[in-house]
Amino acid sequence: MKIKDIIMDGLFRQNPTLRLVLGVCSTLALTTSAFDSFGMGVAVTFVLVCSNVIVSLLRNVIPDKVRIPAFVLVIATFVTIVQLFLRKYVNALYANFGVFLPLIVVNCIILGRAEGFAFKNKVGLAALDGLFMGLGYTWAMVLIGGVREILGFGTIFGIKLWDFSIGFFASQSGAFFTYGVVIATFVTIWNAIERKQKLKSATAGVKDPATIAEEKEEN
Amino acid sequence: MNENVKGSIKAMAVLLCIAIASGLLLAICNDVFYYEAGGAEDFNALLSGNWALVEVAEDFTSDYGTVSKVAENGTSHAGFIVVGNGSGKSGAYTMAIIIDRATNKVVAVKTIEMGATSSGYDLSQDQLDAYVGIEIADATAFDVIPSGALVAGATGSSKAINNAFKVAGAYYTIHYLGGSAVDPTEEYLGYLGQISTETFTKADVDGSIAVNNGRLLLVATSQTQVGFYVESTSDGNYVDNGAYRVAIIVDRATAQIVSAKVIEDGATIPGYEVGQTTIDAYVGQAITSGNVFDNFEGGLIDSSSLNAGMTNTGWTQSSRTVRNAFSIVANYYYNAFLGGKYLADLETLATGETWTIVPFAPSTPYVDATILCLAQSSSGKVGIVVSAVSDGVNTTNIMNGEYIVAIIIDGATDEVLSAKIVKDGWVSMDIFAVPQEKVNAYVGTVITSATVFDTFEGGLVAAEGYLNYGETNTGWTQSSRAVRHAFQAVAGCYVEYSENIGG
């Protein structure tokens with residue numbers, strides 16, 4: 001697998017938040033502010049990278065039948081480290097995250113990447129996958145959190161922009177609404193880009209990477 | 001041993017190894033990232049430094065809360081983790097407070113544990129920061145909640161947080177300033193007793209009114225008078241004196257100063273003391289505006305014969321310091337007791353008018369309502385600002401707080417010309433807010449008697465359907481009944497005013 005594919009998958013093609021719709025609980029609950037969203041993104045990225053590396057290193061050691069408990073053990077260790085770190089150094093985030101911090105252990109993104117990628121690939125690629133999946137999750141969280149904070153509180157990263165605010169966007173209903181709108185917008189834009197790429201490839205008589213990959217899978 | 005058993009043992013061994021490795025890693029991390037709530041980290045998060053916890057005086061708890069931890073950043077700052085007792089519907093608040101020991105001012109504050117029942121009733125960091133800059137001179141430093149930290153709809157939380165500051169302030173006063181934490185109210189009331197025969201009760205101080213060149217140590221009310229105990233400081237250069245503490249009594253009916261006395265003379269040079277004769281120049285002066293004494297020279301002492309204390313304005317600084325005490329009282333009395341701070345609301349209701357406040361005290365106090373401001377306009381309109389919480393009926397589950405309503409009445413026809421809610425008293429749910437069209441229903445009514453609004457239902461909101469929560473036995477929301485009660489009080493006030501003063 002090409003490094004470029006890993007990067008594009010993580011950030012856009014298989015963006016965990018906007019394409020795979022994974023980790024929805026924390027996305028809805030913690031995107032009331034851009035800062036909280038960013039913090040959660042960084043925390044998840046750290047756990048993703050570390051757990052992917054360890055799972056990849058142990059992929060030949062961990063028996064298949066106990067791989068899931070083993071993954072959970074590894075992920076829980078890193079989540080606990082993040083928890084200890086935040087409680088000491090970024091207490092405000094620790095308080096804001098509440099139960100969603102320990103719940104990273106069962107975050108589908110992390111478990112999914114451990115099972116679907118790290119357990120089958122080399123350490124370097126696994127680390128890269130974790131990093132870019134985490135970054136993809138982070139930018140999506142910050143985008144949703146930013147929109148909600150601007151509209152719901154009239155601030156961005158705590159900096160006041162104006163007195164105007166719409167309380168709906170600060171509420172849970174606002175989280176669902178914003179998440180839906182952001183997904184719809186992202187998918188529309190990304191599909192348009194992909195169509196354009198396909199058209200360009202077809203005109204040039206070259207198959208686009210996605211089609212080649214699909215054909216490979218079929219064969 | 002068959003392959004399955006071997007596989008199982010291997011699986012268990014692998015899991016065990018991972019678990020042991022995880023445990024070791026976490027044991028190390030736990031030591032590296034060791035955190036103790038209320039420890040140095042909390043203070044470091046507020047103000048970076050070399051914080052060290054010090055022993056807390058064991059006996060330190062008061063009616064307001066408890067100091068649970070004290071830390072010091074060298075000799076420059078003192079930090080407190082304080083639990084402020086709950087108030088109203090709010091539970092106890094745990095706060096971290098840092099005080100600069102050089103200036104004795106609050107430099108940082110944050111909530112460690114909120115006591116509000118939901119985050120909607122909590123105070124934001126911006127609101128908490130209203131405490132930053134407040135100087136602790138004695139245990140009364142936090143008697144007044146700063147206006148920015150007194151949040152409508154979250155008054156319980158505001159008071160619980162202020163309790164934390166009161167405890168921290170008292171602790172700091174005793175252990176860092178060497179002062180006493182004894183509540184000085186009785187002592188201050190005693191000073192008022194030296195110049196008035198009335199019985200005074202300590203009143204809450206309105207923190208939204210600015211106090212310059214000094215501070216209010218006590219505001220107390222009696223049936224006919226308002227007593228002040230004020231500490232004033234100089235307003236200029238070449239200051240040869242310290243602060244003055246002055247007791248001042250204002251008559252509520254006439255807004256005149258009826259007596260005053262210097263309790264603590266701040267003069268440091270013999271001959272510069274401000275005597276009673278000088279103080280008496282203020283007696284009889286009426287408070288007609290907040291700055292009535294700013295240029296008053298009747299109580300100043302010519303410094304031409306007192307060279308050492310001479311100022312470029314020709315008056316001794318000590319007598320100017322005393323004048324500042326009267327300026328503080330005038331500004332506070334005008335805004336808080338005459339309702340000067342509400343003139344802007346009357347001006348927005350009746351533009352182009354020039355308003356003059358009329359001192360007014362009802363013959364008998366209104367039940368559950370207070371007249372905050374009564375003013376007469378240049379064209380004969382009467383403006384009244386009134387506060388009401390409820391009409392006293394079925395208040396067990398009352399959901400709203402104080403409503404302040406501004407009302408303009410045509411002095412010639414006695415007709416209500418316009419009205420608006422200045423402060424909305426709904427607390428938790430905006431569905432109980434009284435809409436402007438309901439307030440407008442009162443407009444056009446001619447005030448023919450003090451009871452004209454008693455049965456008026458045009459401005460009430462039916463407590464039906466989703467408004468059932470908060471419903472009263474009369475079928476109207478308490479909030480709309482509170483607004484009607486404001487109009488009822490205004491009718492009584494206007495009738496009395498017309499008969500006795502305005503008529």
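Below, chain A is the first sequence line, B the second, and so on; all start at residue 1.
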Completion exercise
Note: vs chain B, highest number of non-hydrogen pairs under 4.5 angstrom among Leu73(A), Ile62(A), Val90(A) is Leu73(A)
Problem - chain B contact via Leu58(A) - which portion, at a heavy-atom distance below 4.5 Å - result: side chain
Exercise for the section: Let me know if Leu25(B) has heavy atoms under 4.5 Å from chain A in its side chain, its backbone, both or neither. Expected result: side chain
Handout entry: Heavy-atom donor-acceptor pair, Ser56(A) side chain to Asn121(A) backbone, under 3.5 Å
Key = yes
Problem - Residue pair Phe169(A) / Phe177(A), side-chain heavy-atom distance below 4.5 Å - result: yes
Practice task
Please look at Asp126(B) and chain A and tell me whether the side chain, the backbone, both or neither of the residue comes under 4.5 angstrom of a heavy atom of that chain.
Solution key: neither
Exercise for the section: State, with a plain yes or no, whether a side-chain heavy atom of Val107(B) is found less than 4.5 Å away from one of Ile99(B). Expected result: no
Problem - Aromatic centroids of Phe186(A) and Trp139(A) separated by under 6.0 Å - result: yes
Completion exercise
Counting heavy-atom pairs under 4.5 angstrom with chain A, the leader among Cys17(B), Ala21(B), Ser22(B) is Ser22(B)
Problem - Criterion side chain to side chain donor-acceptor pair (under 3.5 Å) on Glu149(A) and Thr155(A), from CA distance to verdict - result: CA-CA 6 Å; Glu149(A) 189 181 345; Thr155(A) 60; 2.8 Å; yes
Handout entry: Contact origin within Thr111(B) toward chain A - heavy atom pairs under 4.5 Å
Key = neither
